[in-house]
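What follows is a short report on a single structure.
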Amino acid sequence: MSTGESSRTVQVAVPTPLYRCFDYDLSAGQSAPPGTRVQVPFGRRRLVGVVTSQDAAADQRPRKCVEAVLDDTPIFGAEDRALIEWTARYFAAPIGEVYSLALPVRLRAGQSAAWSAPQAWRLRDDHPTPARLGRRQQAALDALRDGALGEDELRARSGLDRRGVERLSALKLITAAEDASPAAAGTAARLSDAQAAAVASLTARLGQFSASLVDGVTGSGKTEVYLAVAAEVIARGGQVLVLVPEIGLVNSMADRVRARLGRSPRVLHSGLSDGERAEQWLAARAGAADVVIATRSGVFVPMPRLGLIVVDEEHDGSYKQEDGCRYSARAVAVWRARQRAIPIVLGSATPSLESLQLVQAGQCERLVLPGRAGAAVLPSVRLVDVRAHQLEHGLCHESLTAMTEHLQAGGQVLVFLNRRGYAPAVLCHSCGWVADCHRCDAHLTLHRARNRLCCHHCGLEAAPPDRCPDCGDRNFVGAGAGTERLEHALARRFAGFPVLRIDRDTTRRVGELDARLARAASGEARILVGTQMLAKGHNFPNLSLVVIVDADQGLFSADFRAGERMAQGIFQVGGRAGRAQRAGEVLIQTHHPDHPLLQQLVRGDYGGFARMALAERHETALPPASHLVLLRAESTDTDRPLEWLREAATVGRQLFHDSVSIWDPTPAPMARRAGRHRAQLLLECARRAPLQSGLPAWIEALANLRNSRKLRWSLDVDPQSML
DNA sequence: AGCACGCCGACT
DNA sequence: GTCGGCGTGCTC
Ligand SMILES: [Zn+2]
Ligand SMILES: [Zn+2]
């Protein structure tokens with residue numbers, strides 16, 4: 001420990017939920033420029049932190065010393081640090097936690113960042129005729145037929161792991177090579193006029209900041225546009241970062257990149273092992289990857305030659321992290337592009353209202369790709385009024401009739417319902433008792449195949465009761481329908497037409513989602529039943545009818561974005577109907593056929609819906625016409641969250657500028673969840689600056705409020721879900 | 001968040 | 001007597 005002024009003092013961001021950095025002294029011989037990982041004593045612990053700056057300490061207080069410098073050269077460059085620090089400020093997150101977020105687990109723990117280019121392998125000239133090879137081993141040998149490949153490329157193409165490659169070497173089938181052969185030439189698809197125009201427009205703007213919205217349905221060729229521009233960026237020596245909203249889309253995007261550019265991209269997602277993730281991250285940072293495909297947290301990966309960012313399915317809510325550090329990878333990506341002065345391409349068939357607002361304001365260029373069926377235009381849409389109609393396991397007669405027609409004509413039918421399980425409630429037919437979760441304000445969902453009652457909000461599972469706890473009868477009925485029930489009912493009703501269910505329950509096992517999607521895409525399955533999952537980025541060429549089982553969920557939600565999300569879901573899933581020879585049809589079952597949102601959907605173009613929704617947001621002063629910050633609080637104590645939020649509101653009214661309106665605290669739409677009572681407080685302002693500038697002081701005041709340690713609280717800047 | 005310290009009730 | 005409940009304070 002030392003005291004006094006020193007030019008050898010560094011400021012370190014440590015992985016704790018604290019908003020400031022801490023000063024440490026460097027010992028003689030130590031060098032730790034900003035961006036370097038250091039091991040430091042912190043209280044009674046020792047932590048790995050990142051040096052953020054090197055100013056001489058202003059105060060005289062005693063300081064501890066850096067115990068070890070973990071990097072020879074800073075692991076984060078100046079641009080990376082600026083991005084991380086902007087994220088911490090914008091989303092009001094503790095600086096050390098954002099640094100942690102930006103690092104793969106292994107490197108967070110202090111593992112060496114040394115990285116060397118992967119070993120290259122080639123076929124042995126004298127390789128023996130192999131006795132028996134596995135499918136992957138054979139794929140590896142085939143991949144090497146055209147020349148030497150780096151181990152990363154070999155593994156990506158064959159599916160072998162490190163030990164698999166070693167075995168091929170031990171079998172004397174392959175041997176180390178000096179260098180990988182140059183990338184094979186990729187195959188460029190012939191571009192439509194609209195695609196070529198989009199590519200030309202984007203290519204013309206390389207090397208400076210611009211935001212573009214590529215607007216086109218699945219199958220309209222958005223990906224070819226991204227990849228054509230990416231090829232140009234790479235040809236000029238740049239790197240490309242492609243963000244996708246979920247793991248399930250990484251592989252198909254990687255396949256497209258390989259086919260188009262002749263080289264496998266690096267990938268970053270939570271499905272990788274810790275070691276693999278660090279390897280991919282370090283390769284990207286070394287500039288060894290031309291293309292990186294990543295999910296959310298990949299937006300922070302250092303890329304020294306970054307020349308283009310693509311955010312695919314930019315409207316997708318998965319880009320917002322909903323726990324811990326609540327940041328939006330889409331927002332971070334836009335800022336990163338601006339900072340680096342490179343183009344960012346946002347792709348979607350159903351753009352977020354935020355993006356459309358940017359287009360209207362002239363800050364984002366819109367490039368429309370008309371698909372074969374027109375850009376984001378639904379085929380014939382019909383509202384099915386289910387009021388006063390008998391529902392057969394959730395489907396009414398009109399829908400079933402339409403299904404029969406399409407199936408008999410050889411079409412494929414998709415039945416969309418955003419509700420897993422057999423029945424969303426189980427009740428006693430004798431006395432009306434309902435099986436509720438004792439930890440949440442929610443009914444338990446019946447999962448019939450497993451014979452369990454499950455709470456979808458807290459994970460509670462229970463065996464169905466033998467007798468009604470109130471009246472003792474054994475007269476239970478499942479109320480309402482989930483995907484499991486639809487699957488059963490449809491398999492019965494349409495015997496001879498294979499039914500395939502795709503939801504989280506049927507795709508738990510690894511590879512099961514891909515296997516089911518393949519059966520769906522091939523047309524082998526004639527009736528598809530599924531949730532959200534089915535709506536994300538997959539193409540089903542034989543689809544001719546889409547049935548939306550329950551459109552009412554999105555109409556009267558406490559979340560003002562529910563309607564937007566529902567419309568996006570319907571356009572995403574409905575837009576897939578009828579791309580084949582057959583004319584497509586979309587049926588929407590509802591109790592509210594006169595609702596303006598549904599009336600707008602019937603007209604069949606997303607643009608019309610979006611204009612209406614945007615106008616509504618302006619009238620109600622909600623995003624993107626205004627900016628929000630949501631303060632949530634939860635506690636096992638019933639009243640504490642609301643009481644605490646009232647104090648928070650009082651403090652806020654003193655702290656924030658008058659233009660910030662601070663609403664009254666309210667219980668969350670689901671007031672109790674996992675045994676905790678939840679409440680929230682909303683701040684709204686037409687301009688972002690007054691909101692943003694008051695946050696640091698407010699956070700400090702909140703932490704010092706009495707009772708702050710007796711409940712959990714968190715701040716959500718630009719909340720995506722209000723529930 | 002961790003991880004201490006400190007002060008009170010209830011156990012071998 | 002001390003074991004442990006959690007309220008409070010601090011981390012360079
Ligand atoms: Zn529950
Ligand atoms: Zn009963």
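Numbers restart at 1 for each chain; the letters A, B, ... are given by sequence-line order, proteins then strands.
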Please list, in numerical order, the residues of [range] that have a heavy atom closer than 4.0 Å to any atom of DNA chain C.
| range | answer |
| --- | --- |
| residues 87-107 of chain A | none |
| residues 35-48 of chain A | Pro41(A), Phe42(A), Gly43(A) |
| residues 697-719 of chain A | Arg709(A) |

d([atom1], [X]; [atom2], [N]) in whole Å:
| X | N | atom1 | atom2 | result |
| --- | --- | --- | --- | --- |
| Arg20(A) | dT11(C) | CZ | C1' | 7 Å |
| Tyr19(A) | dA1(B) | OH | P | 10 Å |
| Phe22(A) | dC12(C) | CZ | C1' | 6 Å |
| Gln54(A) | dC12(C) | CD | C1' | 16 Å |

>> Is it true that Glu314(A) and Ser352(A) share a donor-acceptor pair across their side chains at a distance under 3.5 Å?
In response: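 There is such a pair (donor and acceptor under 3.5 Å, judged by atom type) between the side chains of Ser352(A) and Glu314(A).
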
> Are a donor atom and an acceptor atom from the side chains of Ser355(A) and Arg330(A) found within less than 3.5 Å of each other?
Replying inline: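 On atom types as modelled, these side chains qualify, holding a pair under 3.5 Å.
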
> Under a 4.0 Å N-O cut-off, is there an ion pair linking Glu322(A) with Arg296(A)?
Replying inline: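 Looking at Arg296(A) together with Glu322(A), the answer is no, because their closest N to O distance does not fall below 4.0 Å.
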
Check: residues 636-647 of chain A side-chain donor-acceptor pairs under 3.5 Å, at least two apart:
from: Asp637(A); atom 1: OD1; to: Asp639(A); atom 2: N; distance (Å): 3.1
from: Asp637(A); atom 1: OD1; to: Arg640(A); atom 2: N; distance (Å): 3.2
from: Trp644(A); atom 1: NE1; to: Ser708(A); atom 2: OG; distance (Å): 3.0

>> Tell me whether the rings of Phe656(A) and Trp698(A) are parallel (<30°), tilted (30 to 60°) or perpendicular (>60°).
In response: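 The rings of Phe656(A) and Trp698(A) stand perpendicular, inter-plane angle above 60°.
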
>> Under the criterion side-chain contact (heavy atoms from CB on, under 4.5 Å), I'd like the reasoning laid out for Lys64(A) against Tyr24(A): C-alpha separation, chi angles, the key distance, then a yes or no.
In response: CA-CA 5 Å; Lys64(A) 292 183 179 174; Tyr24(A) 290 89; 3.9 Å; yes

>> Side-chain N or O of Arg61(A) versus OP1/OP2 of dC10(C): is the shortest distance under 4.0 Å?
In response: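 Looking at the OP1 and OP2 atoms of dC10(C), neither is under 4.0 Å from any side-chain N or O of Arg61(A).
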
>> Is any side-chain heavy atom of Ser721(A) closer than 4.5 Å to one of Asp559(A)?
In response: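 A side-chain contact under 4.5 Å exists here.
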
>> Can you tell me how far apart CZ (Phe560(A)) and OG1 (Thr620(A)) are? Round to the nearest 0.5 Å.
In response: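 Nearest 0.5 Å value for the CZ-OG1 distance: 8.0 Å.
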
Side-chain donor-acceptor distances from residues 92-107 of chain A under 3.5 Å, at least two apart:
from: Tyr99(A); atom 1: OH; to: Glu85(A); atom 2: OE2; distance (Å): 2.9
from: Ser100(A); atom 1: OG; to: Gly96(A); atom 2: O; distance (Å): 3.4

Considering only distance and modelled atom types, tabulate donor-acceptor pairs under 3.5 Å from the side chains of residues 680-688 of chain A, sequence neighbours left out.
from: Gln680(A); atom 1: NE2; to: Met722(A); atom 2: O; distance (Å): 3.0
from: Glu684(A); atom 1: OE1; to: Ser661(A); atom 2: OG; distance (Å): 2.9
from: Arg688(A); atom 1: NE; to: Tyr90(A); atom 2: OH; distance (Å): 3.4
from: Arg688(A); atom 1: NH1; to: Tyr90(A); atom 2: OH; distance (Å): 2.9
from: Arg688(A); atom 1: NH1; to: Asp718(A); atom 2: OD1; distance (Å): 3.3
from: Arg688(A); atom 1: NH2; to: Tyr90(A); atom 2: OH; distance (Å): 2.8
from: Arg688(A); atom 1: NH2; to: His627(A); atom 2: ND1; distance (Å): 3.0
from: Arg688(A); atom 1: NH2; to: Asp718(A); atom 2: OD1; distance (Å): 3.3

>> On a heavy-atom basis, which atom in Arg617(A) and which in Arg561(A) lie closest, and how many Å separate them?
In response: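 Where Arg617(A) meets Arg561(A) most closely, the heavy atoms are NH2-CG, 3.7 Å.
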
